[in-house]
Amino acid sequence: MMIEVLPDERRRYRSVDFNNLKFGKLFSDHMLEMHYKDGAWGEPMIKPYGTIEIHPSMHALHYGQAIFEGMKAYYINEHTISVFRPHAHFERLTHSCRRMCMPEIPESVFLNGIEQLMKLDYRWVPKTFGHALYIRPLMVASQEYIAAVESNEYKFFIMTSPVAAYYDSGFQPVKLTTSENFVRAVSGGTGAAKAAGNYGGSFLPAKRAKERGFTQVLWLDAKEGKFVEEVGTMNIFFKIGDTLVTPDLDGAILPGVIRRSVIQIAKDWGVDVQERPISIDEVIAEYDRGNLMEVFGSGTAAVIAPVGLIDHKKKELRFDMENIGPFAKKMYQEITGIQYGKMEDRHGWNKNVSVGDS
Ligand SMILES: Cc1ncc(COP(=O)(O)O)c(C=O)c1O
């Protein structure tokens with residue numbers, strides 16, 4: 001791996017206002033870049049974060065052959081930064097590569113690249129609890145070629161961006177609405193891949209939901225509009241009595257890394273976890289019977305997001321709009337505890353990176 005280090009006096013970390021971070025707007029000093037051509041990946045390069053030159057004929061701009069990942073690195077102490085489950089994100093990236101007909105990234109480049117970036121830019125990892133350094137791997141079809149077939153050239157990047165705590169003033173339960181006119185994905189399509197186009201297509205329904213006062217869309221399956229799938233950028237869990245139910249991975253749902261973690265931890269606690277189709281009618285029936293104890297979303301951004309309201313057609317399911325439920329709270333504390341090195345990492349999820357002079 002070639003590494004071009006930005007001289008310390010030109011690094012921007014000193015001027016960052018870590019108390020005033022806006023998600024996804026600020027990028028740290030270095031990035032990784034690697035090119036694929038003639039059937040092989042070239043040498044990965046770490047270099048100062050900056051612009052890239054592209055042509056208007058660049059394939060991904062036309063056909064959306066573009067995939068990405070999203071994970072976070074946490075400040076443990078002045079000598080250690082911890083990345084949460086990078087291997088699980090690598091597995092999902094590999095799945096996305098296959099589905100989108102793109103070349104796979106060597107695991108060593110992915111993991112070692114992240115490690116080297118942490119070593120170079122560890123000062124960008126915010127120290128406050130809840131804050132983190134977001135890591136964004138991205139792969140795009142880069143050939144100058146506008147035929148509607150797969151590209152022969154690709155660029156892979158890893159960039160990082162400091163982000164504030166999702167909750168700045170306590171938990172704010174989210175308000176969800178189902179959509180009668182739009183779907184996110186259909187099994188057999190690209191929903192289970194972290195493909196750029198899945199997001200492009202979701203912005204209009206998300207905007208409409210926001211205009212109606214909701215936080216995000218609760219997606220139902222595309223074939224029957226009957227089964228719950230996931231939320232805008234989160235998977236979803238229902239605590240029905242003592243059982244934790246989450247939609248099974250039917251090929252349309254993005255397999256969240258936090259979803260996987262929630263399922264594992266709940267099982268560790270001895271909770272009955274069911275991954276199965278769950279219809280919106282069942283959710284409503286359990287609510288009406290008083291059995292629906294808690295609903296929460298899971299995802300890298302919020303970790304756990306309590307749901308305060310579900311709106312479906314003319315029905316409104318109302319939960320506590322002020323507080324997070326006890327199960328979701330315990331889960332949030334457990335996962336963030338592991339991420340920040342405060343709780344035992346029983347499953348070896350944290351990838352600790354030694355940084356600074358250590
Ligand atoms: C569509 C969608 N579903 C679910 C998730 C949650 O996935 P993860 O837990 O890996 O962040 C995300 C976020 O990455 C997402 O974009």
Side-chain angles (χ1 to χ4, degrees), residues 20-26 64 66 68-70 72 130-132 134 136 161-186 189-222 225-238 246-247 252-254 256 258-259 278 280 283-284 287 292 294-325 328 332:
N20 209 355
L21 297 168
K22 300 260 178 300
F23 181 84
K25 290 211 158 169
L26 179 68
F68 64 98
E69 264 307 319
K72 282 180 177 172
H131 291 38
Y134 182 78
R136 168 55 63 90
S161 172
V163 292
Y166 192 84
Y167 302 108
D168 42 10
S169 53
F171 292 100
Q172 287 123 19
V174 292
K175 297 179 187 172
L176 307 179
T177 180
T178 58
S179 172
E180 286 188 50
N181 304 321
F182 300 105
V183 296
R184 188 192 90 94
V186 60
T190 58
K194 213 160 163 58
N198 293 341
Y199 295 81
S202 72
F203 296 152
L204 176 65
K207 189 171 172 219
R208 295 257 170 93
K210 281 216 172 74
E211 284 163 0
R212 292 173 50 230
F214 298 101
T215 324
Q216 288 192 3
V217 176
L218 175 63
W219 294 112
L220 301 180
D221 79 278
K226 187 171 163 192
F227 294 98
V228 177
E229 301 234 290
E230 60 181 314
V231 187
T233 53
M234 292 191 289
N235 296 108
I236 187 124
F237 286 86
F238 300 93
T246 192
I253 296 173
L254 189 79
I258 303 295
R259 175 188 182 277
I278 175 163
I280 188 73
V283 172
I284 292 169
Y287 174 85
L292 188 52
E294 293 180 41
V295 182
F296 60 90
S298 72
T300 295
V303 181
I304 298 294
V307 173
L309 176 75
I310 296 178
D311 165 86
H312 174 66
K313 297 190 174 159
K314 294 212 162 61
K315 179 88 179 170
E316 279 196 344
L317 315 191
R318 292 187 169 273
F319 305 91
D320 193 337
M321 273 312 290
E322 305 299 321
N323 301 299
I324 182 168
Y332 175 82

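In this text, all values refer to a predicted model and were calculated from it rather than measured experimentally.
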Trainee: Please report the shortest heavy-atom distance between Gly297 and Val307, naming the atom on each side.
Mentor: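 Closest approach of Gly297 to Val307: N-CG2, 4.3 Å.
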Trainee: Whether the side chain of Asn235 engages the backbone of Gly256 through a donor-acceptor N/O pair (distance < 3.5 Å, no angle test) should be reported.
Mentor: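 Yes; judged by distance alone, with no hydrogens or angles, the pair exists.
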Trainee: Quick one: ring pair (Phe, Tyr, Trp, His ring centres under 6.0 Å) partners of Tyr134, sequence neighbours excluded?
Mentor: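 Phe23.
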Trainee: If the condition is side-chain hydrogen bond (donor to acceptor under 3.5 Å, both in side chains), which residues does His312 pass it with, not counting sequence neighbours?
Mentor: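 By the side-chain hydrogen bond (donor to acceptor under 3.5 Å, both in side chains) rule, His312 matches Thr178.
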Trainee: Of all the heavy-atom pairs spanning Lys194 and Leu254, show the shortest one and how long it is.
Mentor: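 So the two residues come closest at N-CD1, 3.8 Å.
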Trainee: Can you name the residues that form a ring pair (Phe, Tyr, Trp, His ring centres under 6.0 Å) with Phe237, not counting sequence neighbours?
Mentor: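 Counting only residues at least two positions away or on another chain, Phe237 forms a ring pair (Phe, Tyr, Trp, His ring centres under 6.0 Å) with Phe296.
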Trainee: Kindly write out the residues that satisfy side chain to side chain contact (heavy atoms under 4.5 Å, CB included) with Ala164, not counting sequence neighbours, or none if the list is empty.
Mentor: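 Side chain to side chain contact (heavy atoms under 4.5 Å, CB included) check on Ala164 returns Leu21, His131.
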Trainee: Where is the tightest heavy-atom contact between Trp219 and Val183, given as atom of each residue plus distance?
Mentor: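 Minimum heavy-atom separation between Trp219 and Val183: CZ3-C, 3.6 Å.
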Trainee: Once salt bridge (Lys or Arg N to Asp or Glu O under 4.0 Å) is applied, do any residues pair with Lys207, and if so which ones, sequence neighbours excluded?
Mentor: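 Testing Lys207 for salt bridge (Lys or Arg N to Asp or Glu O under 4.0 Å), a comparison that skips the adjacent residues, returns none.
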Trainee: Which residues satisfy the side-chain hydrogen bond (donor to acceptor under 3.5 Å, both in side chains) test with Asp311, sequence neighbours excluded?
Mentor: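 If we apply the side-chain hydrogen bond (donor to acceptor under 3.5 Å, both in side chains) test to Asp311, skipping adjacent residues, the hits are Thr177, Arg212.
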Trainee: If the condition is salt bridge (Lys or Arg N to Asp or Glu O under 4.0 Å), which residues does Arg318 pass it with, not counting sequence neighbours?
Mentor: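 If we apply the salt bridge (Lys or Arg N to Asp or Glu O under 4.0 Å) test to Arg318, skipping adjacent residues, the hits are Glu316.
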Trainee: Tyr287: which residues meet the side-chain hydrogen bond (donor to acceptor under 3.5 Å, both in side chains) condition with it, sequence neighbours left out?
Mentor: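 Listed in chain order: nothing, the list is empty.
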Trainee: Can you tell if the side chain of Pro306 reaches within under 4.5 Å of the side chain of Tyr332, non-hydrogen atoms only?
Mentor: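 No. Closest side-chain heavy atoms not under 4.5 Å.
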Trainee: Mind checking what makes side chain to side chain contact (heavy atoms under 4.5 Å, CB included) contact with Ala206, not counting sequence neighbours?
Mentor: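 Checked Ala206 against side chain to side chain contact (heavy atoms under 4.5 Å, CB included); zero matches.
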Trainee: Once rounded to the nearest 0.5 Å, what's the spacing between atom OG1 of Thr233 and atom CG of Asn198?
Mentor: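 Those atoms lie 13.0 Å apart.
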Trainee: Identify the heavy atoms of Met321 and Pro173 that sit nearest to each other, and give their distance.
Mentor: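 Reported closest heavy-atom pair: O-CD, 3.4 Å.
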Trainee: Answer yes or no: is there a donor N or O on one side and an acceptor on the other, between the side chain of Ser298 and the main chain of Val303, under 3.5 Å?
Mentor: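 No; judged by distance alone, with no hydrogens or angles, the pair does not exist.
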Trainee: I would like to know whether Ile236 and Leu176 meet side chain to side chain contact (heavy atoms under 4.5 Å, CB included); could you show each step before the answer?
Mentor: CA-CA 11 Å; Ile236 187 124; Leu176 307 179; 3.9 Å; yes
Trainee: Which atom names give the shortest non-hydrogen contact between Glu69 and Arg136, and what distance separates them?
Mentor: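 Reported closest heavy-atom pair: O-NE, 2.9 Å.
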Trainee: State which residues pass side chain to side chain contact (heavy atoms under 4.5 Å, CB included) with Asp320; sequence neighbours excluded, sorted by chain then number.
Mentor: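 Asp320 satisfies side chain to side chain contact (heavy atoms under 4.5 Å, CB included) with Glu322, Asn323 only.
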Trainee: Which pair of heavy atoms, one from Ala185 and one from Gly191, lies closest together, and at what distance?
Mentor: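 Ala185 and Gly191 have their closest heavy atoms at CB-CA, 3.5 Å.
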Trainee: How far apart are the C-alpha atoms of Phe182 and Val217, what are their side-chain angles, what is the distance that settles it, and do they pass the side chain to side chain contact (heavy atoms under 4.5 Å, CB included) test?
Mentor: CA-CA 10 Å; Phe182 300 105; Val217 176; over 6 Å; no
Trainee: Is the side chain of Lys72 donor-acceptor paired with the backbone N or O of Ala301 at a distance under 3.5 Å, no angle test?
Mentor: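 Confirmed, Lys72 side chain pairs with Ala301 backbone.
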Trainee: Roughly how far apart are Leu317 CG and Leu218 CG, rounded to 0.5 Å?
Mentor: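 Between Leu317 CG and Leu218 CG, I get 9.5 Å after rounding to 0.5 Å.
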Trainee: Atom CZ of Phe227 and atom CD1 of Ile280: how far apart are they, to the nearest 0.5 Å?
Mentor: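 Between atom CZ of Phe227 and atom CD1 of Ile280 there are 11.5 Å.
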Trainee: Could you pull out all residues at least two apart from Glu230 that satisfy side-chain hydrogen bond (donor to acceptor under 3.5 Å, both in side chains)?
Mentor: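 For Glu230, the residues satisfying side-chain hydrogen bond (donor to acceptor under 3.5 Å, both in side chains) (neighbours in sequence not counted) are Arg184.
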Trainee: Any chance you could measure Phe319, atom CZ, to Ile324, atom CD1, to the nearest 0.5 Å?
Mentor: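 If I round to the nearest 0.5 Å, the distance is 13.5 Å.
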Trainee: Quick one: salt bridge (Lys or Arg N to Asp or Glu O under 4.0 Å) partners of Glu294, sequence neighbours excluded?
Mentor: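 Glu294: no salt bridge (Lys or Arg N to Asp or Glu O under 4.0 Å) contacts found.
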Trainee: Please report the interatomic distance OH(Tyr166) to OG1(Thr300), rounded to the nearest 0.5 Å.
Mentor: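 Reported value, rounded in 0.5 Å steps: 12.0 Å.
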Trainee: Does Gly232 offer a backbone N or O that forms a donor-acceptor pair with the side chain of Gln216 under 3.5 Å?
Mentor: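 Side chain of Gln216 to backbone of Gly232: a pair is present.
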